[in-house]
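Lettering follows sequence order; numbering is per chain, from 1. Just the heavy atoms: all of them, side chains too, but no hydrogens, waters or symmetry mates, feed the values below. Nothing here was measured: the structure is a model prediction, and the numbers come from that model.
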Amino acid sequence: MSDLSITAPVDEKDAPVGAKPARTGLSPWKRGWRIIRSDLSALVAASILLVIVAGSLAAPLYADYVSGTDPFRSNLSGKIKVDGKRVKIMQASTEGLGLGVTPIGPTWQAQYLLGADAQGRDVAARLLYGGRNSLLIAGAATLICLVLAALVGICAGFFGGITDMVLSRILDILWAFPVYLLAISLSIVLISQGITIGPFHITSGSLLLPIGIIGIIYVPYIARPIRGRVLTLKNSEFVLAAKGLGIPRWRILFHDILPNVTTTLIVYIPLMMALNIVTESALSFLSIGVQAPDASWGTIIQDGQTLLYTRPIVALAPGLSIVLTVLALNVLGDSVRDALDPRTKLR
Amino acid sequence: MAFAMLQRLVQMVFVMFGISALVFLIFFATPGADPAARIAGRNAAQETVEAIRKDFGFDRPLPVQYGIMMKRLFVTQDLTSFVNRGLKVVPQVLSAAPITLSLVFGAAVLWVVGGITVGVIAAMMRGTVIDKGLMILALIGVSMPVFWFGEMMNLVSQSRFHDTWLFSWVPGLGYKPLLSDPWGWFKTLLIPWFTLAALYIGIYGRVLRANLVEAYQEDFIRTARAKGLGPMRVMLRHALRTSLIPFVTMFGLDFGVLVGGAALLTEVVFGLNGIGRLTYQALLNLDLPMILATVMYASFFVVVTNAVVDMVYVLIDPRVRG
Amino acid sequence: EDRAALMEAHRGGTMTLSAVSAAGTIDPMINYTAQFWQVFQLTYDGLLKFKQADRKEGFEIVPDLAEALPKPSEDGKTYVFTLRKGIKFSNGRALTAADVVASFQRIFKVNSPTSGSFYNNIVGADACIKDSASCTLEGGIEGDDAAGTVTFHLVEPDSEFFDKLAVPHATILPADTPAKDAGTEALPGTGAYVIASYDPNDKMVIKRNPEFKEWSVDAQPDGYPDEIVYRFGMTEEASINAIQNGQVDWMFDTPPADRLQELGTKYANQVHVNPLAAFWYVPMNTNLAPFDNVKVRQALNYAVDRDALVGLFGGDVLAQPVCQILPPDFPGHVDNCLYTEDPGPEWSAPDMEKAKALVEESGTAGQKVTVIAEDNATSRAIGTYIQSVLGDLGYDASVKAISPNIQFTYIQNTDNKVQLSVSQWYMDYPAASNFLNVLLSCASFTPGSDASINIAGYCNNDLDVKMKAAMAQSITDPDGANAEWAKIDTAFMEQAPLAPLFTPKNVDFTSSRVGNFIFSNQFRWVISQSWVK
Amino acid sequence: MTAHSQREPILQTQALTKHFTVGKTMWPGSGRTLYAVEDVTLAVYPGETLGLVGESGSGKSTLGRCLTRLYDITSGQLSFEGQDISTAGEGALKPTRRSMQMIFQDPSASLNPRRRVRDIIGEVLQVHRLRPTGEINARLGELMDLVGLRAEYLDRYPHEFSGGQRQRIGIARALAVEPKLIVADEPVSALDVSVQAQIVNLFSDLRQQLNLTYVFIAHDLAVVRQISTRVAVMYLGSIVELGEADALFSKPRHPYTHALISAIPQPKNRGRRERVLLTGEIPSPLDPPKGCKFSPRCPHATDRCRVERPVLQALDDERSVACHYPL
Amino acid sequence: MNQSPSPLLLDVQGLSVSFATDRGRVRAIDDVSFQLREGEILSIVGESGSGKSVTLLSLLGLHDPQTTFVDGAVAFRGKHLLQMSEREMRRLRGKEIGLISQDPMTALTPVYTIGWQIAEQIRAHESISARAARKRSIELLGEVGLANPGEAVDRYPHQLSGGMRQRAVIAMALSCNPALLVADEPTTALDVTVQAQVLDLLLRLRKDFGSAIILITHDMGVVAEVADRVNVMYAGRIVERGTTEEVFSHPMHPYSWGLLASIPSLTGKRAERLPAIGGMPPTPESIPAGCGFAPRCRFARGECLSRPPLRRQGDQSALCVLQPSERDALRGSILTLEEPA
Ligand SMILES: Nc1ncnc2c1ncn2[C@@H]1O[C@H](COP(=O)(O)OP(=O)(O)OP(=O)(O)O)[C@@H](O)[C@H]1O
Ligand SMILES: Nc1ncnc2c1ncn2[C@@H]1O[C@H](COP(=O)(O)OP(=O)(O)OP(=O)(O)O)[C@@H](O)[C@H]1O
Ligand SMILES: [Mg+2]
Ligand SMILES: [Mg+2]
Ligand code: NI
């Protein structure tokens with residue numbers, strides 16, 4: 001056989017399969033982003049979120065220019081004009097024994113659009129401010145949770161041995177501790193005294209506390225899958241290959257393991273956000289989250305609880321906001337997962 | 001087998017020790033928690049407080065106190081509450097357990113049936129409007145904070161529509177024992193069951209649908225279809241049966257923590273004095289003995305359900321049977 | 001109608017009571033809750049007792065197991081009680097002087113919460129407090145079984161000695177009662193009823209005491225219902241519904257605010273509103289900035305709109321604005337309001353200008369202030385309102401709600417650096433000292449302790465001396481002493497270590513079948529004197 | 001071929017053994033031992049290509065990874081260029097890592113999906129300081145050229161390539177350190193039939209151009225024969241036969257080798273089937289047979305085979321067999 | 001070959017399959033036609049992604065109807081499969097047409113014993129008792145050569161080795177004596193020694209039961225061993241077809257030449273370099289309009305841009321522009337053919 005190849009392999013320089021020139025160097029991130037961008041339900045969810053976030057950001061504007069009330073000051077003896085008549089915001093009962101005082105209900109006008117709460121504050125304005133806190137806490141807690149979980153998961157998975165043993169056992173313990181109970185125990189300690197870390201003292205009313213608490217409690221739930229992922233990655237062929245090439249461990253960690261874990265982490269972001277919003281509201285509902293007079297959706301629901309039978313809208317409105325936000329986050333989370341990492345499941 | 005059991009046992013002891021130590025430390029780190037002052041009561045003389053401190057051993061080193069407390073919790077079982085003096089905590093936990101069990105058990109039945117129904121129907125109707133609709137419903141279930149949903153259920157069933165035929169049967173909040181009043185038990189728990197289950201129906205329905213759709217890509221489903229089996233049979237006997245394995249794990253974990261007290265929001269909202277509410281109250285009151293008892297119970301349950309799940313696993317997944 | 005006829009007509013039936021939760025141990029020497037003290041009225045007796053009668057009459061102390069109120073000896077330190085004859089405990093044993101002696105020893109042996117504050121004046125109490133197990137009260141109390149007398153020796157004369165003997169902690173139990181907390185086991189008593197069973201998670205069943213024979217209608221009257229079932233665990237909402245449906249006869253807890261209107265209109269004749277000897281107040285820590293400045297304390301007193309707070313509490317009917325420490329209708333109370341728009345006997349409106357001016361003078365505006373409230377709807381609302389007022393005064397204020405059980409100890413401890421808090425005080429017995437001396441004496445202030453009821457941390461030696469004198473005076477001259485107390489009240493309010501807010505009223509909601517509702521200002525509703533038939 | 005004995009082996013193993021523990025939990029003493037590679041004594045000489053064949057699970061990959069010290073060795077010796085590296089730590093291994101490289105079976109799994117080709121290969125150059133920073137780009141171009149890919153592809157991600165191209169990238173990465181020995185673990189099994197030949201040729205070309213030594217693992221015996229000078233046949237963790245490629249294929253001496261070769265369907269064999277059909281199943285490496293590991297399936301097994309484990313013995317200069325009764 | 005050809009079993013005419021993907025509609029199979037007679041073994045060879053499995057699954061109607069569009073005519077014993085209702089199709093599947101999957105590791109439901117799974121199929125098509133079905137599965141397992149069928153019947157798939165599992169799958173496919181067995185790469189996942197056993201089994205079964213077999217593979221060696229006739233697929237089309245003899249002795253299509261040439265030989269002299277086909281096989285989206293192989297073909301010319309003609313040579317045919325006259329010469333430059341045995 002003289003010329004043995006149909007075409008000489010070394011000359012063979014064909015284009016990558018299916019790659020159109022325009023897509024050169026499209027990173028997996030960008031690819032994921034493209035997929036999300038073409039997903040209708042994700043777009044709808046993202047727009048809903050955008051509206052909610054924008055509304056929350058505009059809270060001071062609403063309070064100053066539209067409702068014209070301070071949503072953090074009690075307004076127990078105030079009056080407003082409704083349909084031309086001046087009425088008290090807190091209306092004392094006049095019938096029978098004259099027991100009880102009821103705040104004004106939805107007025108469907110700029111002031112007290114959704115009525116007042118038991119302190120005579122404008123519920124609509126508080127709702128927007130509450131959204132700020134709920135979103136801020138959920139977002140920051142998600143960040144903390146993911147960073148901690150990544151740290152723990154990566155340490156346990158990558159270094160193995162005694163580190164893994166110790167970390168895994170700690171996770172085991174936290175795992176067997178129902179999250180809400182853990183959150184409540186931490187809250188009670190921290191809310192009553194704040195916490196001092198080194199030179200910094202976080203006062204007990206600070207938003208940092210619920211952020212920290214919510215950030216911590218879900219760590220085991222994320223750290224475990226991360227650890228699993230790191231273990232798989234550690235035994236993956238490309239890590240072995242890197243090892244075989246004499247690439248130092250820390251480099252492998254940062255260049256090979258971390259970027260791959262990051263996808264998993266990103267997939268968790270919307271889902272964790274959703275979970276954290278619910279958790280935050282639950283803690284605030286149990287009044288161990290955001291401290292009065294600051295509002296979050298949870299605290300407004302709690303305020304509304306004492307008015308449930310007379311002014312249900314006070315509890316209804318923040319509840320619906322939560323449902324809508326969490327729903328949108330979950331939808332978004334689904335498509336992020338589909339786009340980036342179809343395997344990840346948040347239980 | 002014996003080895004595996006022993007292993008479980010050691011694990012359980014370890015986890016329970018870890019949790020109790022954690023709780024213990026958290027407690028003593030909390031200001032306003034001085035048990036002696038709280039036991040002594042309002043306007044107590046300093047001498048009384050000191051006497052109680054000595055009497056109850058609060059002046060001893062923490063490890064000793066921990067040891068005594070554990071002994072009184074597990075061995076003599078006469079540990080009493082710090083807040084309600086003289087109240088033995090063990091019987092408290094034991095009497096709260098049936099309430100939580102009733103709540104969680106009924107909800108579990110609902111959510112397993114509901115989750116499977118939703119998952120199977122959505123997977124069978126994959127891509128259709130029904131599928132989409134069910135998945136949105138499931139997501140709404142997942143998105144509703146359970147306490148809020150509970151409040152709304154209360155609002156609707158106890159107040160707004162209580163006078164209508166729809167909810168006139170709904171009894172007042174609170175628990176009725178199964179043995180003495182089975183029908184009342186059922187009626188009072190129906191709405192809490194549904195409330196608690198809504199979240200899980202959502203989760204399970206979605207997860208199951210995803211698993212079923214995934215299973216449908218598997219070779220063995222193609223084999224089953226190539227055998228000439230009907231679609232229902234393929235779905236139920238082959239796809240569902242295999243997808244049930246992760247389902248059971250999830251169920252075990254959820255059931256474990258719920259029975260262990262994670263249903264506290266539902267219990268609080270519906271006025272059920274179960275473990276969750278007991279723990280919650282104990283935490284609020286910083287009633288250390290009660291916290292210890294409930295948390296021990298919770299972790300015990302979580303570990304036990306994990307063990308049970310592992311055993312059930314062996315039953316339903318021949319692969320782990322070896 | 002006379003009592004016998006009523007008894008004839010209404011005796012019998014089962015009465016059902018409800019509360020969100022039980023109140024812990026049913027050892028009468030240990031339990032320190034209004035909820036169970038009310039129950040102990042029908043199950044236990046002391047040597048003396050508050051009269052089981054309506055309103056202010058309930059403050060009257062009547063002989064119970066003792067035949068009469070004894071006169072103290074000349075020096076006011078010795079009292080001799082003669083026991084009634086023929087009284088039996090529910091276990092069938094007869095009551096003797098030895099039981100009385102043992103009962104007082106037991107107060108110390110079980111470390112009763114008030115052993116150090118109520119009974120430390122008995123000779124030998126010091127030793128008992130130091131070593132409770134071997135408490136004898138040697139020299140402090142002597143029983144003479146033959147004569148049926150019991151003699152008390154006090155360290156100092158005590159104007160409130162009878163009050164202290166009339167509260168449930170001084171219950172007389174059989175001598176052989178174990179010296180440890182009885183927990184959920186009912187101890188034998190001498191009352192008209194006995195606690196037949198008690199499960200804090202379920203219910204308490206109270207039945208007639210078979211050994212009971214009525215000896216004093218004032219102290220321990222025979223009751224109407226045959227059985228009383230006290231159920232625990234129903235929420236307030238559930239209880240209200242149940243009372244409306246006639247399944248429950250009464251609830252212990254205050255009805256939630258959003259149901260008040262409904263009750264007040266639809267069920268007006270089943271609602272009983274009665275004053276309480278209590279007040280809600282804001283203790284200000286006089287040792288911490290900015291409240292170490294009297295001007296700031298006065299400013300807050302001026303600024304607080306007590307009407308608004310009354311609204312938060314449920315309206316005019318349920319509360320009355322106050323700016324004094326001693327509640328209206330309480331011994332020593334004389335109307336005099338310093339902190340109102342135009343000072344006079346009554347509070348009229350806040351004086352914001354004056355308040356702001358005082359803050360201006362103090363130069364403390366802009367400081368950080370945190371209000372510690374209890375984590376329940378009312379306290380949280382009040383805290384939020386106070387925070388709002390402080391904001392108006394120019395402070396950077398925030399509010400923190402802490403679990404009720406913890407809040408009370410938390411705010412007492414100076415280590416926690418609590419600036420101001422929302423608290424309330426209900427009297428143990430009707431004596432001005434029970435407010436002023438307890439809440440504001442130097443002795444009540446112990447830095448660094450969770451048990452330091454002088455929350456303001458205010459110690460004024462002059463006033464302390466005056467209070468001592470008033471207490472001494474009240475033994476012999478109660479009216480003169482009360483006039484003194486009124487002055488002391490005003491003197492304290494000038495220094496304003498606390499801001500009184502309002503005095504609450506009690507709302508009792510009973511089922512339609514409950515008759516003869518009697519409300520004693522001391523222990524509230526007298527359960528046994530209402531009927532369900 | 002020259003007689004190997006006269007040259008120093010580049011890589012040598014002595015009774016190399018690798019056990020895994022499976023099913024291990026946090027408890028000491030739990031888990032079972034899996035005998036993945038047992039008592040392998042082997043020498044690889046410079047310039048040769050040693051083929052390693054055997055059925056799935058016979059321990060080829062494990063042996064390959066032990067040879068490159070990607071796995072720690074349970075027992076036995078391993079030396080590279082005369083230097084004992086059986087227990088060397090990562091630091092001590094660094095020079096060896098430069099001289100000995102591994103190429104993996106699954107070209108997609110062995111490339112980090114999140115990094116560009118430039119980073120994947122460039123990192124190697126950086127870490128080992130093989131080129132000054134300024135020359136790295138030129139070197140990357142050279143390497144791409146060497147494996148027949150265009151230099152522009154450097155800025156793409158692995159998923160944008162076909163299987164054959166990915167394998168080329170893997171090869172380029174291995175070549176970046178300028179190794180002397182390459183252990184290739186089934187480098188063509190995952191490729192399409194028509195592409196396999198390209199890669200096999202690339203291997204041959206590179207060997208000539210760069211003077212490489214290969215340990216070439218494959219289960220496709222025809223491919224192994226095509227590329228190898230010597231072939232080792234593995235069965236259940238042990239080498240059962242080792243010899244000159246052509247000779248071994250034309251005249252296998254171990255019954256297993258014989259059966260293996262006869263079982264390969266070959267177009268050219270059409271109609272001429274003289275199969276040795278084995279019966280029975282490959283035993284589990286968790287519980288290998290006592291005597292000769294092949295004895296349960298061997299048509300010639302005797303009682304001796306079932307109790308006494310044969311060792312790899314030289315039959316002649318060229319051939320070693322682990323069998324009591326070589327064919 | 002047979003003097004009197006046995007009756008036609010399966011007739012596929014102009015089968016085209018396309019998928020709806022995110023990048024639009026993609027045609028995976030383009031105008032595929034072939035016939036199969038009773039008792040015949042037809043082999044379809046081709047590279048990964050050339051559309052072998054898709055062809056076969058669309059025959060059985062096992063594709064996902066929502067994303068797959070099938071066109072053409074498929075007649076099985078005169079019945080038109082593509083027009084059949086799902087219910088009729090189900091009656092056919094498993095009973096008349098048995099399927100053997102590529103990967104025995106995943107082809108069996110992991111949670112049931114193999115006996116149960118075989119019996120399930122029997123009972124889906126015949127009304128017999130559970131006990132009889134079980135007895136029948138034991139027999140079947142014996143027939144496919146499992147050493148201890150009575151015991152193996154109660155084993156779960158994971159308890160069996162790959163070869164045993166594949167045999168269980170075959171036993172299942174055979175359980176209703178189907179007229180046609182479709183085997184999708186039945187041996188690819190197996191080791192050579194086990195593969196030999198399984199191929200042997202297939203041949204034996206054909207002899208004993210007379211089933212026709214469509215054998216899909218990418219291994220020319222396997223084709224050579226067992227097939228009567230061969231279809232070579234490339235990029236969704238059948239580029240060459242003929243009897244095994246013909247295709248191996250004088251392949252007509254350049255792709256077939258390359259395929260045959262690139263297989264290293266086990267005997268004889270080793271070539272320095274293996275003849276290889278340059279380039280990569282196309283993905284369905286990038287199949288050229290004309291000849292699918294043209295971009296990799298050394299002999300490609302202008303005409304290849306349009307659809308190549310079907311050239312026949314007796315029973316054998318190929319989709320290629322090459323004239324019969326030039327073919328032998330060109331082939332000779334790539335492939336040295338051995339004398340047919
Ligand atoms: N990391 C590991 N942990 C436990 N067992 C392993 C591990 N790697 C391999 N094994 C086991 O070791 C044995 C040899 O595996 P190895 O991968 O070396 O076989 P192989 O010859 O390369 O097979 P294949 O041809 O399938 O790649 C197998 O039984 C395998 O299950
Ligand atoms: N459901 C589907 N949706 C979209 N494309 C598909 C689908 N199924 C198969 N394809 C595509 O159709 C082409 C043919 O696939 P097919 O599975 O028939 O190949 P094959 O010849 O069987 O390959 P292999 O040898 O790898 O099994 C492939 O490119 C595949 O990507
Ligand atoms: Mg391998
Ligand atoms: Mg295929
Ligand atoms: Ni040689």
Side-chain angles (χ1 to χ4, degrees), chain A residues 70-78 88-103 117-121 184 187-194 203-207 209 284 286-295 299 302-312 314-315, chain C residues 237 240 255-269 271-273 305 307-318 349-350 368 370-373 375-378 380-389 391-392 397-403 406-407 410 415-417 507:
Chain A
D70 183 342
F72 301 112
R73 283 280 152 82
S74 310
N75 192 9
L76 293 171
S77 30
K88 279 188 133 182
I89 288 168
M90 306 299 291
Q91 293 155 338
S93 166
T94 49
E95 294 165 73
L97 294 180
L99 296 179
V101 173
T102 312
D117 66 3
Q119 293 275 334
R121 298 170 296 198
I184 294 169
S187 308
I188 286 172
V189 181
L190 297 181
I191 300 273
S192 48
Q193 65 175 356
T203 56
S204 47
S206 166
L207 279 190
L209 289 180
S284 292
L286 299 173
S287 74
I288 37 189
V290 174
Q291 293 299 299
D294 231 355
T299 56
Q302 193 201 24
D303 292 343
Q305 202 195 6
T306 52
L307 296 170
L308 194 61
Y309 290 85
T310 43
R311 294 280 175 250
V314 184
Chain C
E237 296 286 355
I240 287 191
D258 66 331
R259 301 293 290 267
L260 285 174
Q261 196 169 359
E262 176 194 357
L263 298 185
T265 48
K266 279 203 218 162
Y267 301 92
N269 49 0
V271 174
H272 312 269
V273 180
D305 182 349
D307 257 349
L309 289 164
V310 164
L312 281 181
F313 196 74
D316 303 339
V317 183
L318 287 188
K368 268 195 164 161
T370 306
V371 187
I372 309 287
D375 187 20
N376 55 41
T378 314
R380 193 156 3 93
I382 293 172
T384 309
Y385 171 73
I386 298 290
Q387 177 266 341
S388 202
V389 169
D392 290 341
S398 58
V399 62
K400 190 157 88 173
I402 293 184
S403 163
I406 302 162
Q407 193 251 11
Y410 182 85
D415 290 349
N416 297 327
K417 307 233 177 321
V507 181

Can you tell me which portion of D307(C) sits under 4.5 Å from chain A's heavy atoms? Options are side chain, backbone, both or neither. neither

Check L97(A) against V317(C) and note the closest heavy-atom contact, atom names and distance. O-CG2, 3.1 Å

Give me the atom names and distance for the closest heavy-atom approach of L260(C) to L99(A). O-CB, 3.6 Å

If you tally heavy-atom pairs under 4.5 Å against chain A, which of A377(C), A381(C), A257(C) wins? A381(C)

Atom pair CZ (R380(C)) and OG1 (T306(A)), whose distance is rounded to the nearest 0.5 Å: 8.0 Å

Using non-hydrogen atoms and a 4.5 Å limit, figure out which bit of L286(A) sits close to chain C: side chain, backbone, both or neither. backbone

Here the pair of heavy atoms bringing T384(C) nearest to Q119(A) is CB-NE2, 3.7 Å

Between G314(C), G315(C), G311(C), A373(C), which residue shows the highest count of heavy-atom pairs closer than 4.5 Å to chain A? G314(C)

Which one wins on heavy-atom pair count under 4.5 Å against chain A: G264(C), A397(C), P255(C), G391(C)? G264(C)

Can you tell which of Q305(A), Q302(A), R311(A) has the highest number of heavy-atom pairs within less than 4.5 Å of chain C? Q302(A)

Counting heavy-atom pairs under 4.5 Å to chain A, which of G383(C), A308(C), S388(C), A268(C) comes out on top? S388(C)

Distance-only donor-acceptor check, side chains Q261(C) and T102(A), under 3.5 Å: yes

